[in-house]
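Down below is the structure, laid out as structure tokens.
Sequence positions, counted from 1, serve as the residue numbers for this chain.
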Amino acid sequence: MTEKTALQITGILNVAIPVSDHDRSIEFYVGTLGFEKRRDAPFGPGMRWVEVAAPGSVTSIALAPPHGRPTGIDTGIRLGTPDVDAMHGELAAQDVDVDAEVMRFGSGVPPMFFFRDPDGNTLVMVEDHAS
């Protein structure tokens, strides 16, 4: 019988979003959302590997070349903020493509809204009282 070794997954390092223009995406994620640019390095001919993250976050977002994949996807990424209403107003004032209203589902479900980056990739901002 072969001895089975335990997998050693250490965490979620990053999630990738396909973007068509790295500089425009960096301006949005760093300049508008206030993320940190953690990595910007060449990877392959004419390509860049860019990672951005919310300050203090372990997990980053890789702004990846599309490689034939479409942009404008539902990323499945949920970001936390202590005041979703203030964040909604702030992003709307900066002309970010945000939903018209914050969604409220009642007890047990935090308020949230959808917004889109310059490529139309959808993210969700969720009120997080633990932050």
Side-chain angles (χ1 to χ4, degrees):
M1 180 181 264
T2 308
E3 192 173 312
K4 189 174 184 178
T5 58
L7 296 177
Q8 295 188 3
I9 297 171
T10 60
I12 299 171
L13 300 179
N14 58 54
V15 293
I17 297 176
V19 300
S20 61
D21 181 325
H22 281 103
D23 292 326
R24 181 180 69 175
S25 294
I26 291 167
E27 177 56 34
F28 177 75
Y29 285 94
V30 174
T32 301
L33 296 183
F35 282 21
E36 304 167 336
K37 182 169 62 168
R38 296 210 178 144
R39 183 168 294 149
D40 188 348
F43 106 97
M47 293 190 291
R48 289 165 75 179
W49 184 260
V50 177
E51 291 179 31
V52 296
S57 177
V58 174
T59 304
S60 64
I61 296 174
L63 304 175
H67 295 296
R69 297 176 299 162
T71 59
I73 63 165
D74 180 351
T75 66
I77 296 172
R78 272 71 178 142
L79 303 173
T81 183
D83 186 343
V84 78
D85 294 303
M87 181 64 75
H88 184 268
E90 201 172 308
L91 292 178
Q94 293 185 57
D95 293 323
V96 172
D97 181 6
V98 297
D99 284 358
E101 296 181 12
V102 172
M103 296 181 290
R104 299 178 193 286
F105 296 102
S107 179
V109 179
M112 64 188 79
F113 65 90
F114 289 86
F115 69 101
R116 282 138 301 274
D117 74 6
D119 277 300
N121 295 310
T122 302
L123 300 97
V124 182
M125 189 69 66
V126 180
E127 191 158 282
D128 177 13
H129 291 290
S131 59

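Applying the ring pair (Phe, Tyr, Trp, His ring centres under 6.0 Å) test to residues at least two apart or on different chains, the pairs with a partner in residues 45-104 are F43-W49, H88-F113. Among pairs with a residue in residues 11-21, none fulfils salt bridge (charged side-chain N to carboxylate O under 4.0 Å, His left out), at least two apart in sequence or across chains. For residues 52-66, the set of pairs meeting the side-chain hydrogen bond (donor to acceptor under 3.5 Å, both in side chains) definition, not counting sequence neighbours, comprises E51-S60. Legend: side-chain hydrogen bond (donor to acceptor under 3.5 Å, both in side chains) pairs involving residues 103-119, not counting sequence neighbours, sorted by first then second residue: S20-D119, R24-D119, Y29-D117, D85-R104, D97-R116, D99-R116, D117-N121.
Q94 is linked by a side chain to side chain contact (heavy atoms under 4.5 Å, CB included) to T32, E90, V96, counting only residues two or more places apart in sequence or in another chain.
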Report, one line per pair, each donor and acceptor closer than 3.5 Å where one atom sits in a side chain of residues 6-19; sequence neighbours left out.
none

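Taken to the nearest 0.5 Å, the OG1 atom of T75 stands 4.0 Å off from the CG atom of L123. In this structure, the separation between CE on M87 and CE on M112 is 15.0 Å, given to the nearest 0.5 Å.
At least one side-chain heavy atom of F115 sits under 4.5 Å from a side-chain heavy atom of L79.
Note on V109 and V102: separate hydrophobic clusters, where clusters join Ile, Leu, Val, Met, Phe, Trp and Tyr whose side-chain heavy atoms are under 4.5 Å apart, directly or indirectly. A continuous path of Ile, Leu, Val, Met, Phe, Trp and Tyr side chains, each step under 4.5 Å between heavy atoms, connects F114 with V126, placing both in one hydrophobic cluster. Residue V30 is grouped with residue I77 when hydrophobic side chains (ILVMFWY) are merged at heavy-atom distances under 4.5 angstrom, including chains of intermediate members. Hydrophobic clustering (side-chain heavy atoms under 4.5 Å, transitive across Ile, Leu, Val, Met, Phe, Trp, Tyr) groups F105 together with V124.
Side chain of E127 to main chain of V84: a donor-acceptor pair is present (N/O by atom type, distance under 3.5 Å, no hydrogens or angles).
Counted within 6.0 Å of CZ on R39, heavy atoms from surrounding residues, nucleotides or ligands total 12 or fewer; the atom is thus considered open.
Of all heavy-atom pairs between A54 and R38, the closest is O-NH2, 3.4 Å.
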